[in-house]
Amino acid sequence: MATLWLLGSQCSFRQPWFEEIDKKKDHILLIEARSRSTWQQYHKQKLVLVFSIMRHFKAELEEAGFSVDYRQGDSFEEELQKHINQYKAKEILIHQPSDHRMERQIHSWKNKQKDVDIRMQEEGGFLIGRPEWEDLLPDNQKWQMDKLYRKFRTRFDVLLTNEGKPLGGKWSLDAENRKPPKKGLDFPAPAWPDQTTITKEVIADVEQHYTENYGSIDSFRYPVTADQAEAFLEDFIKHRLPTFGDYQDAMIPKDPFMSHSMLSASINMNLLDPLDVIRRAEEAYEDGHAPLNAVEGFIRQILGWREYIRGIYLRKMPEYRNVNELDHHRDLPDFFWTGETKMHCMQDSIGSVIEHGYSHHIQRLMVIGNFSVLAGFSPQQVSDWFNEMYIDALDWVVLPNVLGMALYADGGLMSTKPYVSSGNYIHKMSRYCGDCEYSVKDKYGETACPFHSLYWDFLERQRSRFEENPRMKVMFKHLDNRSEEQVQQQKETVDLVFDRLKKGEL
Ligand SMILES: Cc1cc2nc3c(=O)[nH]c(=O)nc-3n(C[C@H](O)[C@H](O)[C@H](O)COP(=O)(O)OP(=O)(O)OC[C@H]3O[C@@H](n4cnc5c(N)ncnc54)[C@H](O)[C@@H]3O)c2cc1C
Ligand code: SF4
């Protein structure tokens, strides 16, 4: 008789141990541990997501004939022990989680067990197995997502001709994913699932027990079962995938969803299998329903970026958590939790995180991430914020995306140059600037867009590191072409920006 202990992000019949367990004699253990939910001060919707998925899965397991021990308590360790005592369990089956801290906790608990046989195997939910990452990301080579993506396209036979070449002649159609938002651009609203009775109960519990946590809760609408996630995927494929490619990088105020899928939480929480999602998108291309730039762009995110990100985490933890190559230490301002800032782009991008636990990739990278690196915020405070506030955040996906991709805190493991820009990029790719208290046209002075002066200041601060970078030569040429008067005005403006930041007036 064995017990399969499933973590909150492993609630799926596709998890590998299901192939071995016997529902007539084995048990399933699920634990809602308060200690885990207070590791950080998570957005309320994130707690609702995890608990609701677990409670729904309990019901599904019981309906399928499994015996379930569902526990709520202070810690995993205590509840595990109680389960072992009560069920006289001799064998515990666990899926090795990707999360480093959780994995360490399990190992430390495992080492203390004398009378229980503990068997572990890797958790499902990824296309590439753990042991492979050592070879895929070797120490003596520069790591590149593009190369791996090609390999994975070939291995899984995705969007290939009969000769094994990429459909459309190119492996990546990234250049066709960058249309700015034209006037009047609008997208079909996502068909969010209704809140179930279980979800409503969870919301009430979270409201009662996590009063100090941030984020609005009533607008919770994410899928909490595999069926709901399946329907949500269908809706995306049908209505938004066709325009995903063109407007992947565009931003519109008050619409964080646009053509995006909002499937990250469902995939990360194992409600959906990533390969199934990829195949569905591929079918949409084959049926003539969605163009290649949309389908390839979408598949690249899952087959390329998502796997690569996990590979980096597995290869680089635990030291990765503390990287700070640019030596940034400024504290994160309060407006990250309130959204109260005069910068329209930041206010809207953070506002949607408070409201939905979500903003899309370019808002994360080129607005919030960009501002954070330009202002020199502590990378660890920024990654904590992302970890706490996003519905799809799990440590393995947050750290490489935030510390590596957005903040360059790992010194360029993931990119040859930092993703930094002045306000001009935001102006080009969004409709924020027309409705902002700052003017994107003003470079200096009281009304100047803060991104401009912070950008020049960043380049000055980091000159010795980036001046010789071939991809940044043009930036430094612009910097050095400024007159003395402009340099002086720039200095005064950036002092003003930092002063306002400090006083909470930015
Ligand atoms: C600073 C920063 C923080 C991020 N934090 C997270 C996070 O906590 N959780 C998370 O899942 N993603 C994170 N990402 C990656 C990406 O922004 C989100 O996966 C995506 O925005 C989720 O929204 P969506 O489902 O609508 O994605 P879509 O735009 O519809 O993309 C499709 C899918 O591709 C996958 N994907 C796309 N980009 C990435 C990526 N860089 N890494 C991993 N998967 C990717 C996701 O599964 C996503 O659902 C972060 C990116 C940045 C720059
Ligand atoms: S003017 Fe600057 S701060 Fe305002 S929305 Fe544009 S980029 Fe953002």
Side-chain angles (χ1 to χ4, degrees), residues 137-150 171-172 174-175 177-178 249 300 304-305 308-309 311-313 315-316 319-320 322-330 361-380 382-383 399-429 443 449-484 486-487 490-491 493-494 497-498:
L137 298 176
D139 285 327
N140 57 355
Q141 274 173 34
K142 178 91 189 135
W143 299 350
Q144 283 174 308
M145 190 286 290
D146 288 11
K147 276 195 190 160
L148 293 176
Y149 171 56
R150 285 177 205 188
W171 290 101
S172 167
D174 193 24
N177 297 149
R178 298 178 193 151
D249 286 4
R300 186 176 353 110
W305 280 111
Y308 179 56
I309 288 285
I312 290 180
Y313 182 85
R315 288 288 279 112
K316 284 288 164 189
E319 63 276 10
Y320 201 77
N322 298 317
V323 291
N324 189 359
E325 279 283 317
L326 299 182
D327 202 22
H328 283 166
H329 299 280
R330 198 179 296 277
H361 186 68
I362 293 301
Q363 294 170 314
R364 300 183 200 202
L365 184 64
M366 295 311 295
V367 179
I368 303 173
N370 186 15
F371 186 79
S372 301
V373 73
L374 296 181
F377 294 142
S378 146
Q380 282 61 44
V382 180
S383 62
L399 295 194
N401 269 306
V402 177
L403 299 174
M405 193 188 298
L407 303 183
Y408 204 84
D410 61 7
L413 199 61
M414 296 182 60
S415 50
T416 47
K417 76 176 208 20
Y419 283 96
V420 286
S421 79
S422 68
N424 293 340
Y425 175 86
I426 297 171
H427 182 46
K428 183 174 141 212
M429 293 308 296
K443 302 275 179 283
C449 164
F451 280 79
H452 294 323
S453 54
L454 287 172
Y455 173 69
W456 299 124
D457 187 63
F458 171 83
L459 291 180
E460 280 296 6
R461 274 192 338 254
Q462 301 289 347
R463 184 185 276 277
S464 60
R465 179 182 292 273
F466 296 121
E467 199 170 23
E468 296 307 318
N469 183 326
R471 294 190 63 206
M472 295 180 75
K473 286 238 164 249
V474 180
M475 297 174 173
F476 280 96
K477 206 167 154 206
H478 285 308
L479 188 73
D480 294 335
N481 275 346
R482 292 170 310 160
S483 66
E484 266 182 40
Q486 284 174 324
V487 172
Q490 145 68 20
K491 275 195 186 131
T493 309
V494 84
V497 168
F498 279 127

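Considering only heavy atoms from C-beta on, L137 comes within 4.5 Å of I312 through its side chain. Side-chain contact between D410 and K316 is absent, with no heavy-atom pair separated by less than 4.5 Å. The closest side-chain heavy-atom distance from V494 to W456 is not below 4.5 Å. Side-chain contact between M405 and R364 is absent, with no heavy atoms from C-beta onward closer than 4.5 Å. Side-chain contact check for F466 versus K417: every heavy-atom pair is 4.5 Å or farther apart.
Cation-pi geometry between R465 and Y408 is not satisfied (NZ or CZ under 6.0 Å from the ring centre, within 45° of the ring normal). Taking the centre and axis of the six-membered ring of W143, the NZ or CZ atom of R315 falls outside the cone set by 45° and 6.0 Å.
Around the NZ atom of K477, the shell of radius 6.0 Å holds no more than 12 heavy atoms that belong to other residues, nucleotides or ligands. Heavy-atom contacts from other residues, nucleotides or ligands closer than 6.0 Å to NE2 of H478 number 12 or fewer.
Legend: residues meeting side-chain contact (heavy atoms from CB on, under 4.5 Å) with S422, ordered by chain and number and at least two apart, are N424, H452, Y455. In this structure, D146 has no side-chain contact (heavy atoms from CB on, under 4.5 Å) partners at least two apart in sequence or on a different chain.
Residues R463 and D480 approach most closely at NH2-OD1, 2.7 Å, considering heavy atoms.
The existence of a salt bridge linking K473 and E468 is confirmed by a sub-4.0 Å separation between a basic side-chain nitrogen and an acidic carboxylate oxygen.
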Just list the side-chain donor-acceptor pairs under 3.5 Å for residues 366-375, sequence neighbours left out, or say none.
unit_1 : atom_1 : unit_2 : atom_2 : d
N370   : OD1    : S421   : N      : 3.2
N370   : ND2    : M366   : O      : 3.2
N370   : ND2    : S421   : O      : 3.1
N370   : ND2    : S421   : OG     : 3.1
S372   : OG     : I368   : O      : 2.7

